[in-house]
Amino acid sequence: MNDIDAIATLRESLDVDQQRFEEALRRTGPIRATDPTATVVVRLAADGRVDRIELGPDWVRHHTGAELGGVVVATHAMAAGERMRAYLTAFAESDGVRRPRPAPIGGAPPTAPVAGVADLAAIDPGPVMAGMGALLEELDACLTEALALAQRQQTAAVLGRGPAGIATARLTATGALAALELAESRLAGVPARMLGGEITAAVHEAQEQVGDPAAEITEASGLGRLRRLVHDPTALIGTLAEGGAR
C-alpha cells in the first residue's frame, strides 16, 4: 500500500464511522422513563431533549413535595441512560450487515492538481509520513482538549423557571437535568397535570439556552478542522506533502 492508498483508507474509515454515528442517532427515537411508582414520567424527544414531564394524579401518595424534584431528576437520568443504551445498540448493529459504504469523496479527486505539487507520484514520502505523524499528534491534542471542554461543560449551568414561579430547573451545558427546585409551600392543591406542565416549562426554558454542545466542542477543540480536512482529499494531500503544516 502506497502513501496515497493509506490516506484513502484513513479517510474512508473516518467517513464510515461518522456515518455509523449519524445513523445510530437517527435510529434512537423518543424515550419514555418512569420512577418506580409510575407516578413520574419523563419523555425525551428523538434529539434527547425533554419533550414533557408528567405527574400522575396520586403522586402525593408516594412522594413529598421535598422529594419530588429529586425524583424527577433521577427519572430524567434513567431516560438519558436508556437513550444511551439504545444508541450504543444501534451503533453496534451498524458494524454488521448495516455497515455503511464510504460516501463519495467531495472536492477535487486525488488525481487533480494539488497546490505546490506538480505530480502526486513525485511526492516525497518523507514529508508525507512526517505529515501523517503531525496530524496524529494534532488529533491526540484535539481529543485531549475536547475531553477538557466536555468536563467544563458538565459544571456549567443554565436556569429555567416555570410561568407560575413554582419550578426552577438547572441544566448542565450539555442539557442534563442537574436539579429541580419546587416551591413546596405552593404545591398544595395544584393539579398534577398543571404541576407537570410547570416543570416541563421550566426545563424547556433552560433547554433554550443550551446550544449544540457536541458541535461547540468539535469546533473549539479543532476536531472540526481535522474532519473537514480528511473529507477534502486535495487539501489533505497538500497538507501531508508539506509535512503536516497547517
Side-chain angles (χ1 to χ4, degrees), residues 20-94 147 149-164 166-184 187 190-217:
R20 292 176 62 202
F21 169 76
E22 293 172 350
E23 174 63 16
L25 286 180
R26 283 193 292 270
R27 294 178 58 200
T28 304
I31 298 293
R32 177 183 183 275
T34 68
D35 77 311
T37 71
T39 60
V40 175
V41 179
V42 173
R43 297 181 183 272
L44 302 183
D47 64 359
R49 296 194 171 203
V50 171
D51 178 23
R52 63 183 183 275
I53 296 172
E54 303 166 347
L55 301 179
D58 58 344
W59 72 265
V60 293
R61 295 176 51 194
H62 303 278
H63 309 296
T64 66
E67 296 170 340
L68 183 58
V71 174
V72 172
V73 171
T75 306
H76 177 271
M78 290 174 57
E82 180 58 34
R83 182 173 186 273
M84 178 58 70
R85 283 189 290 274
Y87 164 76
L88 292 175
T89 298
F91 188 80
E93 290 175 349
S94 70
L147 178 59
L149 290 170
Q151 291 173 334
R152 286 199 289 273
Q153 280 193 342
Q154 289 291 340
T155 61
V158 294
L159 298 178
R161 293 181 173 81
I166 296 176
T168 300
R170 179 164 61 86
L171 274 62
T172 67
T174 59
L177 181 58
L180 176 65
E181 299 178 3
L182 299 172
E184 296 177 47
L187 295 181
V190 178
R193 184 182 181 87
M194 183 179 297
L195 183 54
E198 169 79 2
I199 294 172
T200 298
V203 174
H204 283 176
E205 182 179 272
Q207 284 182 160
E208 290 175 358
Q209 303 173 58
V210 176
D212 184 342
E216 292 170 3
I217 288 175

Considering all heavy atoms of both residues, which atom of H62 and which atom of T39 are nearest to each other, and what is their separation? CD2-CG2, 3.6 Å
In terms of heavy-atom contacts, A202 and A167 come closest through CB-O, 3.7 Å
If you draw a 6.0 Å radius around CZ in R161, do more than 12 non-hydrogen atoms from other residues or ligands fall strictly inside? no
Can you find a pair of side-chain heavy atoms, one from L55 and one from I199, that are under 4.5 Å apart? yes
Donor-acceptor contact present, side-chain Q209 to main-chain L159, <3.5 Å: yes
If you round to the nearest 0.5 Å, how far is CD of E181 from CZ of R170? 7.5 Å
Over all atoms of both residues, closest heavy-atom pair of A201 and P163: CB-CD, 3.5 Å
Working to the nearest 0.5 Å, report the span between CE of M78 and CG of L44. 11.5 Å
Of V190, I53, T200, the residue whose pairing with L195 passes side chain to side chain contact (heavy atoms under 4.5 Å, CB included): V190
Taking salt bridge (Lys or Arg N to Asp or Glu O under 4.0 Å) as the cut-off, I'd like each qualifying pair that reaches into residues 57-79, sequence neighbours left out, listed once. D58-R61
Which heavy atom of V40 sits nearest a heavy atom of L68, and at what distance? CG2-CD1, 4.0 Å
Smallest heavy-atom separation, A192 atom then W59 atom, equals CB-CD1, 4.0 Å
Please check if the side chain of Q207 supplies one atom and the backbone of R49 the other of a donor-acceptor pair under 3.5 Å. no
Closest heavy-atom pair and its distance - A79, I31: O-CG2, 3.6 Å
Tell me, with the steps shown, if E205 and V158 meet side chain to side chain contact (heavy atoms under 4.5 Å, CB included). CA-CA 9 Å; E205 182 179 272; V158 294; over 6 Å; no
Is a donor on one side and an acceptor on the other found under 3.5 Å between the side chain of H204 and the backbone of D51? yes
Would a distance-only check, ignoring hydrogens and angles, find a side-chain to backbone donor-acceptor pair under 3.5 Å from R83 to A46? yes
Do H63 and D35 meet the criterion of a side-chain donor-acceptor pair at a distance under 3.5 Å? yes
